[in-house]
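Note sheet for the following structure.
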Amino acid sequence: MPGASCWGRPRDGGSVTARAPAKVNLVLKVGGLRPDGFHDLVTVFHAVGPDEEVTVADGPPGVLVRVRGEGAELVPLGEGNLAARAVRALADEVGVDLAARGVAVAITKRIPVAAGLAGGSGDAAAALVALDSLWATGLDRERMGALGATLGSDVPFALEGGTAVGTGRGEHLAPVLGRGRYHWVLAFSPAGLSTPRVFAELDRGRALDRVGVHPAPGVAGAGAGGVGPTVPPGVLAALRRGDAEALGAALDNDMQAPALRLVPALRECLDVGRERGALGGVVSGSGPTCAFLVRDPDHAADVAAALTAAGACRAVVQVTGPAAGASVLG
Ligand code: C5P
């Protein structure tokens, strides 16, 4: 089983810590509900801080999970834990018997739970790369990505990081070649939103409005086979140029309207950021986190202060992107 790891230096015993980024969706266009219960979509993922951190070590038989940090009390410790599922999936993949060689997993959360920032996916991705290193499995990126996709639609992107177009249910990735670093303010909401609930609200709204899910004209052709939702070309052009102003204007999320119906207070949060001159503001993924693209660190501090003063959110963080995908620390 030992082999070279593309995620970091293989270790022999001891413990290994890995990190994984959060994500915002610069664009998220949702198509129809599929027979498997997922929606076809096309999105532009963009990895940003803050990082999740996961440490794995040899442990008692099975998988033992501990969680601390942001929203730790909301994280399931049993089979519902994505990092634990990642450990089991990797053990199955490489033939490790967890009854004989157990794993202790310690998660330090910095990404809020149910925030639309893929924190759980980050836990899974960090657990995969940390364990890959601990066990020196030598799995290549393709197999690791495929394994990640079995755990959640956003896990492959948490492994890869950067900026990428995601298609299918979000698990098929094509890196976006762009330039520049972008400054963001993330506004955390007091409550979480369940992803399936927001998708269901999107479907309900569309059924009521009898809105079709056809692509807008002038598309970038990212939809599978040329059908289904597609990336508006403006966002890719803005990323290629490193044009933050154009990128801010191009931010677009089909999940925003249903998220706003479920949490109307988010509207005020978006308004405060825009009034403060954010280049763009959008609900991230299925929400409820609002992401504001700003000009520079000073502008980030200004927008963050305005959001805090208005009491428009529970907490704010200033981050940059694109961030690297999951990697071993140290
Ligand atoms: O893949 P993940 O586990 O993150 O998905 C959680 C839930 O979100 C799915 O069970 C499904 O209800 C919904 N979902 C969807 N379409 C997607 C991704 C997720 O409907 N493309």
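Order of listing sets the numbers, starting from 1, for every ligand and every atom in it.
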- Task: Name all residues meeting the side chain to side chain donor-acceptor pair (under 3.5 Å) criterion together with Glu142; count only those two or more places apart in sequence or in a different chain, and write none if there are none.
- Result: none
- Can you name the residues that form a salt bridge (charged side-chain N to carboxylate O under 4.0 Å, His left out) with Asp302, not counting sequence neighbours? Arg276
- Query: Looking at Phe188, does the NZ or CZ of Arg314 lie under 6.0 angstrom from its six-membered ring centre and within 45 degrees of the ring axis?
  - Reply: no
- Message: Assess whether a salt bridge exists between Arg143 and Glu93, defined as any Lys/Arg side-chain N lying under 4.0 Å from an Asp/Glu carboxylate O.
- Response: yes
- Query: For Phe199, which residues count as a ring pair (Phe, Tyr, Trp, His ring centres under 6.0 Å) partner, sequence neighbours excluded?
  - Reply: His39
- Sorted by chain and number, the residues that approach ligand 1 to under 4.0 Å with a heavy atom: Gly37, Phe38, His39, Leu41, Gly152, Ser153, Arg169, Thr195, Pro196, Phe199
- Message: Determine whether His46 and Thr163 satisfy the following criterion, side chain to side chain donor-acceptor pair (under 3.5 Å), listing intermediate values before the conclusion.
- Response: CA-CA 4 Å; His46 182 68; Thr163 305; 2.9 Å; yes
